[in-house]
Amino acid sequence: MMMDRFMRVLMLADYNTRIVMFGTVLLGIAGGVVGTFLLLRRRALLADAVSHAALPGVVGAFLLAVAVGTGGRSLPVLLAGALVSGLLGMGCVMLITRFTRLSQDAALGIVLSVFFGFGAALLGIVQKMRGAQAAGLNSFIYGSAASMIRTDALLIGLAAAVVVVLAALLFKEFRLLTFDPAFAAGDGWPVGRLDLLLMSLVVAITVLGLQAVGIVLVIAILIVPAASARFWTESLLVMVLVAALIGAVGSYLGTAISALAPRLPAGAVIVAALGALFLVSFLFGGSRGVVRAMITRSRVIRRTVRQNLLRVLYECEESGLDHDADEQMRYLSASRRWTPRTLRRMLRRLEREQLVYRVPGEQRQLTRTGRYEAMRITRNHRLWEVYLLEHADTAAAHVDHGADSIEHVLGDALVAELEEAVPRFGKTLPQSPHALVQEEQGGGS
Amino acid sequence: MQHDAPALHIRDLTVAYHRKPVLWDVDLDVPPSVVAGIVGPNGAGKSTLIKAVLDLVPRTSGVVEVFGRPYRRQRRLVGYVPQRETVDWDYPINALELVAMGLYRIIGWCRPVTAAYRTRALEALEEVGMAEFAHRQISRLSGGQQQRIFLARALVQDADVYFMDEPFAGVDAGTEKAIIAILQRLRERGKTVFVVHHDLETVREYFDYLVMLNMRVVAAGPARDVFTSENLKRTYGGRLTLLDRAVDAIGGSSS
Amino acid sequence: MIWTSLDSWIVIAAALAGASAALVGAFLVLEKMSMMGDAISHAVLPGIAIAFILTGSRVGGPVLVGAAGFGVLASMLVHVVRRSGRLDDGAAMGVVFTVLFAVGLILIEQAARHVDIHPDHVLFGSVELVPLTVVEIGSMVIPRGVAVLAVVLFVDLVVVILFFKELRLVTFDPALATTLGFNATWLHYLLMTLVALTTVAAFEVVGSILVIAMLVVPGAIAHLLTRRLAPFLLVSVASAVLAAAIGHVAAITVPLRFGFEDTNTAGAMATVLGLLFFTALLVAPERGLLTRAWTMLARRMIVRTQDVLGLLARASERSDGDGLSVNEFRTVHRSPFAARATGLRVGLMLSRIRGFVRREHGRYRLTERGRAAARRVLRVHRLWERFFHDVGKVGLIDLHPAADYLEHYTDAELRDELEKEFAGTDTDPRGNPLP
């Protein structure tokens with residue numbers, strides 16, 4: 001039966017659920033889109049101050065409505081109150097940063113906590129009022145996505161859609177503003193007004209999200225999808241789309257779950273769903289994800305070690321060093337500060353690839369294929385060294401190091417270009433421009 | 001061009017941060033078609049001069065005219081290359097998109113960047129030798145390459161007067177030569193370029209006009225005339241200590 | 001208003017919570033990490049919730065440990081997210097604390113089935129309930145919350161006193177700390193642990209969001225009032241304690257005046273802190289907005305007076321002692337009053353009040369006292385012209401405006417230096433005598 005209810009919700013079987021979903025998912029999309037620009041403008045926490053500053057406005061509007069005699073719980077009235085005090089809060093943040101030497105984050109903390117405290121004091125009054133339905137206000141603090149009434153959800157959804165359309169129209173302008181406001185101003189764009197516009201959209205999303213997500217956590221729908229999207233892409237357009245998608249999925253899941261378990265605070269459920277999506281992005285994101293970065297790094301390290309090892313082996317051969325097995329191990333491990341374990345593992349791998357062979361008790365030797373591969377690597381390295389020497393005024397002493405770090409990422413195209421830039425070697429192997437064997441400093445001590 | 005007015009005319013420009021003067025009574029007339037270096041010690045107000053001209057910092061007083069008319073009405077004739085450190089190079093944007101920003105003013109509000117504009121951006125990238133990096137994310141470019149695409153963005157603005165804030169800071173020798181070549185081409189096309197510069201050794205080689213600045217304009221004119229040891233001493237040799245004290249007094253009494 | 005021992009305990013608990021939060025929060029403000037307090041105070045929630053679920057109790061050791069653990073965890077997570085995502089501080093914090101807080105809220109909702117706890121306690125605190133749970137220490141019966149807070153305040157105090165030198169170094173002179181090779185990392189995490197610990201202890205009293213008011217606002221008030229660490233901490237703690245007392249009184253009295261019942265103390269405390277901050281913002285010595293406005297007004301009044309004296313001094317050089325009429329004041333060469341009728345009125349009025357100037361037949365003349373003062377003004381003006389001309393190589397035409405500006409900002413010390421610089425000179429660059 002539980003499963004049955006679950007499917008009904010997920011499939012949007014009820015008309016009511018469908019409308020609520022419409023509202024929250026559009027809100028999620030709008031949050032992702034606007035949040036991306038907010039994040040790139042580096043003002044993420046400003047939204048937090050704004051949302052907390054909305055509390056006295058909500059409660060104040062409620063008190064006012066009760067006093068006038070309209071019962072109080074009308075969404076547009078409460079949201080208008082939230083808007084006014086949210087904007088007031090934002091104004092205070094700007095005032096404090098402008099007229100004191102306090103840092104912006106202190107200003108945020110002050111506004112956030114003092115406004116919220118004042119709201120809490122007002123709320124304390126409301127909760128003890130007879131006959132007033134203070135319970136409705138609770139949904140503004142913790143969010144109550146599933147129990148939203150139809151007209152409220154429609155209002156929120158449509159307003160969010162308007163925000164998305166505005167952000168899409170101003171995509172280019174917001175990119176300019178968030179990337180390089182100084183250039184934008186020099187180019188004649190009204191940077192101050194653009195900034196105000198972006199912040200107004202932020203305030204709009206914050207206020208619209210109060211009902212569904214609640215004051216405490218509403219900034220999550222702005223920050224978390226955008227921050228998650230950052231791990232997937234290096235293109236702004238894609239980032240906006242991914243953030244919108246994550247916002248939509250998070251809101252959808254959160255709303256569905258909280259429809260099934262109405263005891264749970266809806267805002268917290270939505271944010272937890274977004275948090276799960278963030279974790280996935282953080283770990284597996286295609287651009288900055290931790291796992292991918294780790295794989296790339298270990299692959300580069302492995303390739304670097306392999307190429308260096310082959311080159312050292314080749315250069316030993318080239319300069320006719322004759323070691324026994326132990327001496328060779330000591331020499332190799334000292335030449336690049338490899339630990340004996342890394343070295344042995346690498347050598348075993350080379351043996352498996354049949355690039356290196358060993359006769360027990362003697363030093364390891366390159367096979368024919370091994371020598372060819374080692375020559376290719378050494379050649380690239382030296383071409384690069386010569387190029388650096390001749391074209392970048394790099395002192396010879398630094399060449400080896402610079403060549404080491406770059407050759408491992410050289411593609412074929414770049415090697416061809418190198419050959420062109422240093423043409424006198426043709427397809428031959430140039431001499432190393434610096435002394436090869438470091439005077440046995442590796443072998444002995 | 002029909003302009004016979006100076007490319008840049010500044011009269012009585014004073015700029016103060018927190019009421020503490022940074023630039024005092026700057027007067028300047030620079031003819032068109034020159035590459036003008038702005039030199040002076042740290043804290044002399046070089047960047048501030050550019051920013052004040054471009055209305056990026058509030059002026060306490062003064063008039064700025066470009067080709068004989070107030071700057072505000074001549075904005076479309078002016079291009080700007082900010083300092084490289086002022087932007088977040090981790091921003092999700094590639095070189096081509098960055099250069100296309102220079103066209104936004106021409107494209108206008110709310111209109112998308114179409115293929116034709118992208119082609120123009122690509123041409124500018126070609127001009128600075130960066131075409132092959134068009135689709136690379138900007139954090140994966142070297143300092144010199146970043147500076148080149150900044151320059152390309154200014155080129156597509158197709159301005160008549162350019163202001164460049166330390167374009168040579170932290171770039172390799174190759175890029176420096178390339179930038180200089182581009183500046184000279186701009187001058188040949190009749191453009192006027194202002195460059196905030198640090199390296200005195202290259203002044204004579206790079207610039208045909210020079211503004212020596214230390215809170216006031218110490219000297220301004222053709223580089224070969226004004227780049228003298230006397231002027232250098234007046235620009236760089238010891239600040240006027242009494243004046244410094246006065247400046248401090250003004251700053252301290254009001255902020 | 002009926003004041004009972006319950007009220008006293010509430011104020012004591014709130015004051016203790018405020019004092020310890022203000023003590024550690026002061027360092028957050030100084031290190032420009034105020035929002036880290038916000039992040040930590042949200043992020044400790046899962047730790048508290050887990051401790052609830054495991055022990056079934058709302059206070060006590062496990063809760064403190066769980067919370068402190070999650071506090072430190074949160075600050076590390078912020079670090080990791082910021083590094084690998086190359087996000088800015090705010091965004092990284094925003095992600096970490098919202099998600100942790102959400103998880104905490106859900107866990108609390110689960111815990112609420114077993115323990116008497118409601119999310120409202122978490123958000124707004126429940127200082128009103130503090131006196132209801134008591135412990136016996138020796139022969140004294142005191143509320144358990146008060147005992148816990150007293151211990152935490154003690155710990156905070158001990159740490160701050162022990163590491164006072166290091167903290168001062170790191171917060172006031174990070175550059176020097178670096179050159180001394182002082183490693184601030186451990187101090188940073190020590191501070192974060194203290195913040196987490198204090199946050200949790202104060203949690204019960206003020207809740208997770210209002211604790212930010214306790215952490216940040218007292219420090220911000222101190223920031224407006226002083227620049228030295230010891231007074232800074234003192235002001236910070238004092239304003240928190242003051243807010244606790246006023247806040248509670250306000251909570252049980254103010255709403256009654258408007259025909260409502262009382263409200264919660266924590267909210268009122270935060271409001272009072274906000275008002276204290278606003279007051280400090282207006283009237284802080286040196287940096288208060290009103291103070292600064294007053295200073296500027298006073299400065300402008302001095303400038304106007306000196307302008308009047310300067311014009312009269314020049315006039316008396318030309319035509320001996322004839323003075324100037326109001327009209328002449330505005331029309332003489334380079335008059336600073338050309339476009340400032342009000343300025344002139346103010347300047348004349350002030351000059352007359354101070355006995356520098358008297359009025360006869362519609363003309364203003366210098367008095368004996370005024371003559372001396374006017375000479376000083378004119379002398380400084382011409383010395384500056386001398387200076388700009390000789391040292392600054394400024395052309396004659398440009399001399400006057402700069403000197404006109406500077407003459408008003410020249411204090412006795414600066415004047416002595418000018419005098420020294422031009423000891424042998426007795427004329428200005430145009431050849432006018434130095435009076």
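The basis for the numbers below is simple: all heavy atoms, side chains too, and nothing from hydrogens, waters or symmetry mates. Numbers restart at 1 for each chain; the letters A, B, ... are given by sequence-line order, proteins then strands.
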(message) Any side-chain to backbone donor/acceptor pair from C/Asn264 onto A/Gly124? Under 3.5 Å, distance only.
(response) no

(request) Sort A/Phe278 into side chain, backbone, both or neither according to what part of it lies under 4.5 angstrom from a heavy atom of chain C. (result) side chain

(message) Which atoms of C/Val254 are under 4.5 Å from chain A, going by heavy atoms: the side chain, the backbone, both sets, or neither?
(response) neither

(message) Does any backbone or side-chain atom of A/Ile141 lie under 4.5 Å from a heavy atom of chain C? Answer side chain, backbone, both or neither.
(response) side chain

(message) When you measure from the side chain of C/Arg292 to the backbone of A/Phe99, do you find a donor-acceptor pair of N or O atoms at a distance under 3.5 Å?
(response) yes

(request) Counting only heavy atoms closer than 4.5 Å, note whether C/Ala266 contacts chain A via side chain, backbone, both or neither. (result) neither

(message) Out of A/Gln104, A/Arg42, A/Arg230, A/His52, return the one with the most heavy atom pairs under 4.5 angstrom to chain C.
(response) A/Arg42

(request) Against chain A, label C/Ala91 side chain, backbone, both or neither, depending on which of its atoms sit under 4.5 Å from a heavy atom there. (result) both

(message) With a 4.5 angstrom heavy-atom cut-off, is it the side chain or the backbone of A/Leu63 that approaches chain C, or both, or neither?
(response) side chain

(message) Nearest 0.5 Å, please: how far is CD1 in A/Ile125 from OG1 in C/Thr263?
(response) 5.0 Å

(request) Sort C/Asp38 into side chain, backbone, both or neither according to what part of it lies under 4.5 angstrom from a heavy atom of chain A. (result) side chain

(message) I need the C/His223 NE2 to A/Thr100 OG1 distance, nearest 0.5 Å.
(response) 7.5 Å

(request) To the nearest 0.5 Å, tell me how far A/Phe118 CZ sits from C/Leu275 CG. (result) 8.5 Å

(message) Working to the nearest 0.5 angstrom, can you tell me the gap between A/Leu264 CG and C/Ile108 CD1?
(response) 12.5 Å

(message) What part of A/Val290 gets within 4.5 angstrom of chain C, counting heavy atoms only: side chain, backbone, both, or neither?
(response) side chain

(request) Please state whether the side chain, the backbone, both or neither of C/Asp262 comes within less than 4.5 Å of a heavy atom of chain A. (result) both

(message) To the nearest 0.5 Å, what is the distance between CD1 on C/Ile212 and CG on A/Asp48?
(response) 7.5 Å

(request) Please look at A/Phe115 and chain C and tell me whether the side chain, the backbone, both or neither of the residue comes under 4.5 angstrom of a heavy atom of that chain. (result) neither

(message) Need one label for A/Val269: side chain, backbone, both or neither, based on atoms under 4.5 Å from any heavy atom in chain C.
(response) both

(message) At a heavy-atom distance under 4.5 Å, which candidate from A/Gly275, A/Ala106, A/Ala49 has the highest pair count against chain C?
(response) A/Ala106

(request) Mark yes or no for whether A/Arg288, through its side chain, and C/Gly85, through its backbone, hold a donor-acceptor pair below 3.5 Å. (result) yes

(request) Evaluate the side-chain proximity of C/Phe101 to A/Val216: yes if any heavy-atom separation is below 4.5 Å, no if none is. (result) yes

(message) Can you tell me which portion of A/Ile96 sits under 4.5 Å from chain C's heavy atoms? Options are side chain, backbone, both or neither.
(response) side chain

